[in-house]
Structures are given as C-alpha cells and as structure tokens.
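As structure tokens, the structure follows; a few thoughts come after it.
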Amino acid sequence: MKAIVCVKQVPDTSGKVAVNPDGTLNRASMATIINPDDKNAVEAALTLKDNTGCEVVVVTMGPPPAEGMLRELLAMGADRGVLVSGREFGGSDTFATSQILAAAIKKIGVDAEDVVFCGRQAIDGDTAQVGSQIAEKLNIPQISYAADVKIEGKKVTVKRMLEDGYMTIETQTPCLLTCIKELNEPRYMSVGGIFDCYQKPVEVYDYNTLKDDPLIEVDTIGLKGSPTNIFKSFTPPQKGQGRMLEGADKNTAAELAAELLKKHII
Ligand SMILES: Cc1cc2nc3c(=O)[nH]c(=O)nc-3n(C[C@H](O)[C@H](O)[C@H](O)COP(=O)(O)OP(=O)(O)OC[C@H]3O[C@@H](n4cnc5c(N)ncnc54)[C@H](O)[C@@H]3O)c2cc1C
C-alpha cells in the first residue's frame, strides 16, 4: 500500500505580500513555503503510515530548488520524493498541471490499495482545481474537502466539509482525497528525520521520463497545452478611506443599513 501526496511550493502570501512601484508583485521579498493544505495532506499520509506501515511518496511539480521542500517532507517522515521538473512543463494552467501530475503519479504507480492525497487549494493559484482534475485523469474516485479520514483496508470513509455542515462519504481505494486544515495538525520535522532526509531517494521526472504517457502531448502540457492564458494581471485598487458613523440611534442604524445595501454587502 502507498500514499502518494501532491505538494506544491508556494510564495508565502500570509501578510508578507509586497508590491513593486509598477504594481507587480515583488516575489523576491516573499519566502517560499510548503502550501498549507498540502501539509495537512502529508500529515494524513504519515498517519496512514503510522497505522499501516505504508510507503509515503511525495511529489511536486516545480523548478529544481523545490527539491529542498521535498527534503523537508522526507524529514517529516515521507519515504521518497519525486520532483517533476522540465522547461516543457512551464506556463501550465490547471489543465496542463494536472495532465503532468497525473502522468507522474501513473509512473509512480497507483495500485489497488493506494490513496492519492492533495491539498484542497494552493494559496498562490487559488483555484482548487488540480486535485479533482488529477482524479479525473487517473480515472479514480475523489472526495474533496476531507475533514476526517478513516481508511480500513480498501474502505475509505471521509467526513467532507460543506458550507453549512458535513457529509460522510464512503469510497474504495484507489482514490484521491483533497485535504483541508481542519483534518489534522501537521507534525514537525524530527531531528533524526533531518539527519536521514539526505539519504532518502529523490527522483527527477523530466519531459523524457513522462513523454510516452498518452497524457503528455505538446498540446496538453506547458503554455501551448493550456486552454487558458492569463490575459492581464494587476494589483486590485486600494480601498478608499473608511467612514465613521457615530450614534446609537435608529437613524444611524438606518444610515448604516442603507450604506451596506448600496454596496451589496447585505
Ligand atoms: C491561465 C493560467 C496560466 C498560468 N500560467 C502559469 C505560468 O506561466 N507559470 C506558472 O508557474 N504558473 C502558471 N499558472 C499557475 C498554475 O496553473 C498553477 O500554479 C497550477 O496549475 C496549480 O494550480 P493552483 O495553484 O490553483 O492549485 P490548486 O488547484 O489550488 O491546488 C490544489 C492541490 O493540487 C496540488 N498541486 C497543485 N499544483 C501542484 C504542483 N505544481 N505540484 C504538486 N502538487 C500540486 C496540491 O496538492 C494542491 O493543494 C497559470 C495558471 C492559470 C490559471
């Protein structure tokens, strides 16, 4: 049994977003981190390993420095890493990204008892599309927004978070789950894990490694294979100055309500 986890390295957008004078994002000022939801996905896989002894494989598509992130995940307890990296993969939108990741996961191999874990959403692209698209392309069932997961043999039971409650769904392995932060508390790297992580294997899958997979065609990967293109990107205009309404009377409340209605907030 294997747990395969897709993990994305992302810029740290939590309060440290800096904008250049020309309005573009100042990426150099932002550190890269492991996408937060993906840490929950890794923790879910490591818990499965604690309970069953399964192998945990972490896979990322990104530039060569993303290997550093894979080493961190190996230090947390993952067994091996796969770095999917190649010029041909650059510029991929979510369709192309999921083509490439699905091909990489097929190469790793999805057996009858295996589970693929993803985060719900990456904090940079923010689409929450990649996990579901990978499941479609692997032709396996998927459950998104996993807030609790039980895996007994081939039976997978997931409590799935909805806007106003939960639903419990059962499926069978092999399947793909997208994880949210309510699922668990990700563990830290251990000191022993940090010592061991450089002895663990990290394989690089480039274009040549994956090119024989039917998912990998010139018109299904990279910029050329992306059905969508970013036409324009810009920093949203800053909000105007706030307005204070003073008073605890009916008229002030009515004025506030009218203002909120005007802005379509209520
Ligand atoms: C029109 C368009 C054009 C783009 N062009 C470029 C470009 O030129 N260059 C560029 O760098 N990006 C580009 N992107 C961004 C790129 O498509 C996304 O980074 C990528 O598809 C992942 O989507 P997301 O960030 O929304 O992830 P989500 O769908 O929100 O991620 C969900 C989960 O999928 C998994 N996942 C997602 N991406 C990866 C990954 N790379 N490796 C491992 N697991 C992953 C993670 O588990 C993650 O939690 C473009 C996006 C769009 C929409």
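It should be emphasised that the depicted structure is a prediction, and the values quoted were computed from it without experimental measurement. Read the numbers this way: they start at 1 and go in the same order the structure lists the ligands and their atoms. Numbering starts at 1 and runs along the sequence shown.
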For this session: Quick one: do Asp111 and Lys2 satisfy salt bridge (Lys or Arg N to Asp or Glu O under 4.0 Å)? Show the steps, please.
Result: CA-CA 8 Å; Asp111 298 321; Lys2 269 194 307 303; 3.2 Å; yes
Exercise. Is there any N or O on Leu223 that sits under 3.5 Å from an N or O of ligand 1?
Worked result: no
Exercise. Should Asp37 be counted as touching ligand 1, given the test is an N or O pair under 3.5 Å?
Worked result: no
Exercise. Which heavy atom of the protein is the closest neighbour of atom 19 (O) of ligand 1, given with residue, atom name and distance?
Worked result: Lys8 NZ, 2.6 Å
For this session: Would you tell me which option among Thr178, Ile134, Val130 has the nearest heavy-atom contact to atom 23 (O) of ligand 1?
Result: Val130
For this session: Could you tell me whether the side chains of Glu43 and Thr47 share a donor-acceptor contact shorter than 3.5 Å?
Result: yes
Problem set entry | Numbered atoms of ligand 1 (with element) below 4.0 Å of Thr60, judged on heavy atoms | 42 (N), 43 (C)
Problem set entry | Given Leu101, Ile100, Asp93, the one that forms side chain to side chain contact (heavy atoms under 4.5 Å, CB included) with Thr97 | Leu101
For this session: Give yes if a backbone or side-chain nitrogen or oxygen of Ile230 is under 3.5 Å from a nitrogen or oxygen of ligand 1, and no if not.
Result: no
Seminar exercise, completed: Residue, atom and distance of the protein heavy atom nearest atom 8 (O) of ligand 1 read Gly91 CA, 2.9 Å
Exercise. Which residue supplies the protein heavy atom nearest to atom 41 (N) of ligand 1, what is that atom called, and how far is it?
Worked result: Met61 O, 3.0 Å
For this session: Specify the protein heavy atom at minimum distance from atom 43 (C) of ligand 1: its residue, its atom name, and the distance to 0.1 Å.
Result: Val7 O, 3.1 Å
For this session: Please check if a non-hydrogen protein atom sits closer than 4.0 Å to atom 49 (O) of ligand 1.
Result: yes
Exercise. Purely on distance, is any nitrogen or oxygen of Thr228 under 3.5 Å from one on ligand 1?
Worked result: no
Problem set entry | Heteroatom proximity flag, Gly119 to ligand 1, N/O under 3.5 Å | yes
Exercise. Would one find an N or O of Leu101, backbone or side chain, under 3.5 Å from an N or O of ligand 1?
Worked result: no
For this session: Report yes or no: does a heavy atom of Ala128 sit under 4.0 Å from some atom of ligand 1?
Result: yes
Problem set entry | Asp126 and ligand 1 - part of the residue with a heavy-atom distance under 4.0 Å | backbone
Problem set entry | Backbone or side-chain N or O of Asn229 under 3.5 Å from ligand 1 N or O | no
For this session: Could you tell me if any non-hydrogen atom of Gly62 lies under 4.0 Å from any atom of ligand 1?
Result: no
For this session: Could you tell me whether Asp50 and Arg187 make a salt bridge, using a distance below 4.0 angstrom between a side-chain N and a carboxylate O?
Result: yes
Exercise. Considering distance alone, does some N or O of Arg120 sit under 3.5 Å from an N or O of ligand 1?
Worked result: no
Exercise. Is any heavy atom of the protein nearer than 4.0 Å to atom 10 (C) of ligand 1?
Worked result: no
For this session: Have a look at ligand 1 and work out which part of Ser92, if any, has a heavy atom under 4.0 Å from it: side chain, backbone, both or neither.
Result: backbone
